[in-house]
Number of protein chains: 2
Amino acid sequence: MTNKHVKEMEALKEHLGKHQLKLTRQRELILNAFLRQEHITAEAMYHQLAKADPHLGLATIYRTLNLFCDAGLAQARHFGSQTKYDNVSHKGHHDHLICTGCEKIVEFENEEIERLQEEVATRNGFTIKTHRLELYGLCSRCRH
Amino acid sequence: MTNKHVKEMEALKEHLGKHQLKLTRQRELILNAFLRQEHITAEAMYHQLAKADPHLGLATIYRTLNLFCDAGLAQARHFGSQTKYDNVSHKGHHDHLICTGCEKIVEFENEEIERLQEEVATRNGFTIKTHRLELYGLCSRCRH
DNA sequence: ATTGAAATTGATAAGCTGTCTCAAAATTAT
DNA sequence: ATAATTTTGAGACAGCTTATCAATTTCAAT
Ligand SMILES: [Mn+2]
Ligand SMILES: [Mn+2]
Ligand SMILES: [Zn+2]
Ligand SMILES: [Zn+2]
């Protein structure tokens with residue numbers, strides 16, 4: 001395997017270029033680690049990266065993940081009291097099923113629900129910009 | 001007008017009785033103020049009640065609103081970084097349309113969406129316990 | 001390759017929301 | 001009234017995230 005995550009790296013570089021931001025060793029490091037995850041907290045990335053760079057600061061992780069959000073590579077999702085950064089570099093819009101037993105997260109898309117949401121909004125004179133739909137319950141394994 | 005909120009007061013008393021809890025002046029005061037609201041933060045109640053009782057502590061407000069949740073009179077909803085306590089004493093399940101312009105909150109129920117949520121869950125082997133659906137956008141007034 | 005302006009980093013302080021602690025006060029059963 | 005139990009209010013504390021700022025790094029222009 002040669003270079004991984006080339007496309008995403010290009011996307012980041014493009015965003016940096018457009019905003020007078022610089023490409024740093026930390027940003028590269030964090031991007032490569034982030035792209036291996038689906039949903040992860042800043043704190044978890046911090047611990048995970050401590051091996052690769054023990055001096056990497058937590059603030060840098062937060063700043064960088066927020067940068068990825070600006071660049072369209074990540075989306076911050078507030079689950080409970082924590083923010084999970086959703087790796088959306090290779091995904092379109094989706095919502096979440098969350099197991100309260102084992103924390104498992106399953107992504108889903110349902111255009112029928114999306115359509116009905118629009119209908120509800122229109123009926124009430126609203127124009128939807130974003131929405132959040134989270135279904136909490138037990139996965140098949142945790143039910144037994 | 002004689003006594004308002006009698007039914008809710010009875011519900012609270014019943015909960016208190018069942019759990020060896022006491023009826024205090026503060027709990028009565030907070031209940032009466034709370035029942036006049038639809039969605040309110042603890043902080044907002046704190047300021048609102050400062051006139052009636054300047055010594056009422058914020059911790060007491062939080063404790064009491066959480067007590068109302070236990071008693072089934074309120075539901076804590078986490079919108080953004082704040083918790084709003086939803087006065088559900090006179091409502092069934094519902095979801096929310098939220099205007100990002102003026103903070104207006106409109107409640108709605110859509111059983112078709114609820115049904116589709118169940119379908120999604122079943123298809124993924126989940127059993128739903130709760131869910132949250134929030135639609136963010138602009139109300140008709142804020143759109144112009 | 002050097003320079004130097006501008007951005008970034010790491011450590012830590014601060015902010016924000018909400019809960020915990022504990023002595024004093026209030027409630028309720030006796 | 002008495003006494004056991006619960007509640008309150010003030011402030012400390014906790015969890016998560018952002019702000020501050022001096023030192024370091026990047027990068028475009030020499
Ligand atoms: Mn996701
Ligand atoms: Mn509501
Ligand atoms: Zn599970
Ligand atoms: Zn509005």
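Only a predicted model underlies this, so the values are computations on that prediction, with no experimental measurement involved. Chain identifiers are assigned alphabetically (A, B, ...) following the order of the sequence lines, protein sequences preceding nucleic acid strands; residue numbering begins at 1 within each chain.
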Open item on the list: So that I can tick it off, tell me whether A/Glu118 and A/Arg115 are bridged by a salt bridge, with the cut-off set at under 4.0 angstrom between side-chain N and carboxylate O.
Closed with: no

Task: A/His55 NE2 - C/dA11 P separation (whole Å) - done: 7 Å

Open item on the list: Apply side-chain contact (heavy atoms from CB on, under 4.5 Å) to residues A/Leu21 and A/Arg27 and explain how you reach the verdict.
Closed with: CA-CA 11 Å; A/Leu21 303 175; A/Arg27 284 172 178 171; 4.0 Å; yes

- [ ] Answer yes or no: does a side-chain N or O of A/Thr60 lie under 4.0 Å from OP1 or OP2 of C/dT9?
- [x] no

- [ ] Take the protein atom NE2 of A/His15 and the nucleotide atom C1' of C/dA7, then report the distance between them rounded to whole Å.
- [x] 13 Å

Open item on the list: For the residue pair A/His5 / A/Asn32, report whether a side-chain donor-acceptor contact shorter than 3.5 Å exists.
Closed with: yes

Task: Nearest-Å distance for atom pair CG/P, residues B/Leu67 and D/dT7 - done: 8 Å

Open item on the list: Under 3.5 Å, is there a donor on one side chain and an acceptor on the other for B/Ser140 and B/Arg143?
Closed with: no

- [ ] At under 4.0 Å between heavy atoms, which parts of nucleotides 23-30 of chain C does protein reach? Answer with one letter per nucleotide, 5' to 3': B base, S sugar-phosphate only, - none.
- [x] ----BS--

Open item on the list: Nearest whole Å is fine: how far is D/dT8 P from B/Leu29 CG?
Closed with: 11 Å

- [ ] Take B/Glu38 and B/Lys91 through the test side-chain contact (heavy atoms from CB on, under 4.5 Å) and record every step on the way to the result.
- [x] CA-CA 10 Å; B/Glu38 286 303 327; B/Lys91 303 171 204 160; 2.7 Å; yes

Open item on the list: From CG of B/Leu16 over to P of D/dT7, roughly how many Å is that when rounded to an integer?
Closed with: 8 Å

- [ ] Could you walk me through whether A/Gln26 and A/Thr64 pass the side-chain contact (heavy atoms from CB on, under 4.5 Å) test, one step at a time?
- [x] CA-CA 8 Å; A/Gln26 289 89 340; A/Thr64 305; 5.6 Å; no

Open item on the list: In this structure, how many angstroms lie between the P atom of D/dT7 and the CD1 atom of B/Ile30, rounded?
Closed with: 13 Å

TODO: Look up atom CD in B/Glu119 and atom CD1 in B/Ile128, then write down how far apart they are to the nearest 0.5 Å.
DONE: 11.0 Å

Open item on the list: Protein within reach of the bases, or only the backbone? For nucleotides 11-19 of chain D, mark each nucleotide 5' to 3' as B, S or -, using heavy atoms under 4.0 Å.
Closed with: B----SSBB

Open item on the list: In this structure, is the centre-to-centre distance between the rings of A/His39 and A/His96 below 6.0 Å?
Closed with: yes

Task: A/Gln20 CD to D/dT26 C1', straight-line distance once rounded to whole Å - done: 14 Å

